[in-house]
Amino acid sequence: MNLPTQQASIAWTFYPHNSTLEVVFFGTFISPSGWVGWGINPTSPEMTGTRALIAFSDPNTGQIVLLPYILDPNVKLQKSPLLSRPLDVGLVSSTAAMYGGKMATIHNGAAIQIYATIKLESNRTKIHLVWNRGLYVQGYSPTIHPTTSTDLSSIATFDVLSGSSAPQHTDLTMLRVIHGTMNAISWGILLPMGAITARYFRPIQALGPAWFYAHAGIQLFAVILGTVGFAIGIRLGQLSPGVEYKLHRKLGIAVFCLGALQTLALLFRPDTRNKFRKYWKSYHHFVGYSCVVLGFVNVFQGFEVMGASRSYAKLSYCLGLSTLIGVSIALEVNSWVVFCRKSKEEKMRREGLIGTSDKGSSGIHT
């Protein structure tokens, strides 16, 4: 059976009369100093709790060595090195061999076969298979594997008797692209555009209340679009058991909550003559700018999660963001020029250097 990630595959023979499973796993290395492993999780389809067999080059002899490991929660948290220890499952025998025989060497793309004979529990034929590969081994301790979405999805559940596998949501690429695009546009482009509209167009008296409607409309559309993107992200998490992006998830929840608070603030906006108006404005500014900053950070975090840190998608977003920043700088400079000019005119008016006629014309007294 071809496995859904890393071009791995597995073959097996199951003997129902004594519940014995003979397995061979086919995987490939991604570096000369790397490791390849697979294992069975007795309870759930996730890495934590997996009983694994991991193959790598012996640091003393250079030969392939295959050792057993138990992936407890400390491994995921990287609190301590991964140390080999006997498995508490019915492992009868195990061995590993490079494709190409004894003369084969470990290199990027080198194929390896890991064999095992396992005694399963009686009347239990469904297994949770977990596999992965890493770049380095420190002594006899394999280090953490890459954390791209593909590497974190290396899990499959199937029945060794019938050969049927549980539904696997492996092709989530399009959903991830939609999620990333919607959130990048909403939190990373539209939301700051709404903030720019309010900051730089409000002082223009000729616009009247048009700036407010533009600001509110842009922000509302951004929050709606971001809410849909957030919901897709939640769904992606449900379709990817064992895959966690803690920082990205926490930032996403924070941005969504701040965006929701900004939207609700419109319902409680005091009148301009209300004494609480200044407190509402402070709250509105703080929550709004916090949402914009965290939105930027999480968009870039999303590119890292998708493994697109050097993609054209990130380049396009950076170009759009740079344009937005350039426009903001130009408008900020212009607003300060106007402010300084008005301050200078006001000062000259107080000193009597500028007079205003009844018609509103002004002149310099000599």
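Ring pair W211/H215 is tilted by interplanar angle, where 30° to 60° counts as tilted. The aromatic rings of F303 and Y317 are tilted relative to each other, their planes meeting at an angle between 30° and 60°.
By the 4.5 Å heavy-atom criterion applied to side chains, L3 and L129 are counted as neighbours. Looking at T323 and I325, their side chains never come closer than 4.5 Å, going by heavy atoms from C-beta outward. In this structure, the side chains of F296 and N298 stay at 4.5 Å or more apart for every pair of heavy atoms. Annotation: side chain of K314 is in contact with side chain of E304 (closest heavy-atom distance under 4.5 Å). I204 is listed as a side-chain neighbour of F201, based on a closest heavy-atom distance under 4.5 Å. In this structure the side chain of Y289 reaches within 4.5 angstrom of the side chain of R199, judged on heavy atoms. When side chains are defined from C-beta on, T20 does not count as touching F14, because their heavy atoms never get closer than 4.5 Å. Looking at W12 and F158, their side chains come closer than 4.5 Å, going by heavy atoms from C-beta outward.
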query: Please walk me through it: do T143 and V137 pass side chain to side chain contact (heavy atoms under 4.5 Å, CB included)?
result: CA-CA 6 Å; T143 60; V137 178; over 6 Å; no
Trace of the side-chain hydrogen bond (donor to acceptor under 3.5 Å, both in side chains) decision for N274 with Y279: CA-CA 10 Å; N274 193 300; Y279 302 112; over 6 Å; no
message: side chain to side chain contact (heavy atoms under 4.5 Å, CB included), that's the test. Do F26 and N2 meet it? Break it down for me.
response: CA-CA 9 Å; F26 303 88; N2 291 323; over 6 Å; no
task: Verify side-chain hydrogen bond (donor to acceptor under 3.5 Å, both in side chains) between D159 and T125, making sure each step is shown before the conclusion.
output: CA-CA 5 Å; D159 192 295; T125 58; 2.8 Å; yes
message: Please determine whether side chain to side chain contact (heavy atoms under 4.5 Å, CB included) holds for the pair S335 and L331, giving the CA-CA distance in whole Å, both sets of side-chain angles, and the decisive distance to 0.1 Å.
response: CA-CA 6 Å; S335 65; L331 291 172; over 6 Å; no
Worked check of ring-ring contact (aromatic ring centres under 6.0 Å, His included) between Y115 and F25: CA-CA 6 Å; Y115 302 85; F25 170 83; over 10 Å; no
Candidate pair W336 and F339, rule ring-ring contact (aromatic ring centres under 6.0 Å, His included), full reasoning: CA-CA 5 Å; W336 276 102; F339 173 78; 5.6 Å; yes
Pair V23-T117, side chain to side chain contact (heavy atoms under 4.5 Å, CB included): steps then yes or no: CA-CA 6 Å; V23 184; T117 302; over 6 Å; no
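Annotation: cation-pi pair R269/F276 absent, no NZ/CZ under 6.0 Å from the ring centroid and within 45° of its normal.
For the pair R277 and D271, the salt-bridge criterion is not met [side-chain N within less than 4.0 Å of a carboxylate O]. With salt bridges taken as basic N to acidic carboxylate O contacts below 4.0 Å, one links R85 and D72.
Side-chain contact check for E46 and N41: no donor-acceptor pair (N or O, by modelled atom type) lies under 3.5 Å. Side-chain atoms of T157 and H128 include a donor-acceptor pair closer than 3.5 Å. Counting only N and O atoms by type, the side chains of S154 and T5 include a donor and acceptor under 3.5 Å apart. Inspection of the E332 and Y200 side chains reveals an N or O donor paired with an N or O acceptor under 3.5 Å.
A continuous path of hydrophobic side-chain contacts links F286 to V292 [ILVMFWY only; heavy atoms under 4.5 Å]. One hydrophobic cluster holds both I10 and V36 under the rule that ILVMFWY side chains link at heavy-atom gaps under 4.5 Å. Note on L135 and I64: separate hydrophobic clusters, where clusters join Ile, Leu, Val, Met, Phe, Trp and Tyr whose side-chain heavy atoms are under 4.5 Å apart, directly or indirectly. Note: the hydrophobic cluster containing L319 does not contain V299 (ILVMFWY, side chain heavy atoms under 4.5 Å, direct or indirect links). Hydrophobic cluster membership differs between I30 and L82, with clusters built from Ile, Leu, Val, Met, Phe, Trp and Tyr side chains linked at under 4.5 angstrom.
In plain terms, the two heavy atoms of I54 and P142 that are nearest each other are CG2-CG, 3.9 Å. For the residue pair G139 and P59, the shortest heavy atom distance occurs at O-CG, 3.5 Å. Nearest approach of A116 to L53, heavy atoms of both residues: CB-CD1, 3.7 Å. In plain terms, the two heavy atoms of V24 and Q113 that are nearest each other are CG2-CB, 4.1 Å. Between L190 and A222, the closest heavy-atom pair is CB-CB, 3.6 Å. The minimum heavy-atom distance between L264 and F268, with the atom names listed, is O-CD1, 3.2 Å.
Between M193 atom CE and S186 atom OG the span is 12.5 Å, to the nearest 0.5 Å. In this structure, CD1 in I218 is found 15.0 Å from OH in Y213, a value given to the nearest 0.5 Å. Rounded to the nearest 0.5 angstrom, K344 NZ and E346 CD are separated by 14.0 Å. Interatomic distance, CG of L87 versus CZ of R51, reported as 8.0 Å (0.5 Å rounding). Note that CD1 of I40 and CG of L21 are 6.0 Å apart. Values are rounded to the nearest 0.5 Å. Rounded to the nearest 0.5 Å, atoms OG (S290) and CD (Q262) are 9.0 Å apart.
In terms of modelled atom types and a separation under 3.5 Å, the side chain of H179 and the main chain of G229 share a donor-acceptor contact. Side-chain N or O atoms of T263 include one that pairs as donor or acceptor with a backbone N or O of G259 at under 3.5 Å. T50 places no side-chain N or O within donor-acceptor distance of the main-chain N or O of A52, the cut-off being under 3.5 Å. For T181 (side chain) and I178 (main-chain N/O), no donor-acceptor pair under 3.5 Å exists by modelled atom type. Judged by distance alone, with hydrogens and angles left aside, the side-chain atoms of W280 form a donor-acceptor pair with the main-chain N or O of A265 at under 3.5 Å.
Other residues, nucleotides and ligands contribute over 12 non-hydrogen atoms within 6.0 Å of the NZ atom of K119.
Exactly one residue among N183, L191, L294 makes a side-chain contact (heavy atoms from CB on, under 4.5 Å) with V255. That residue is L294.
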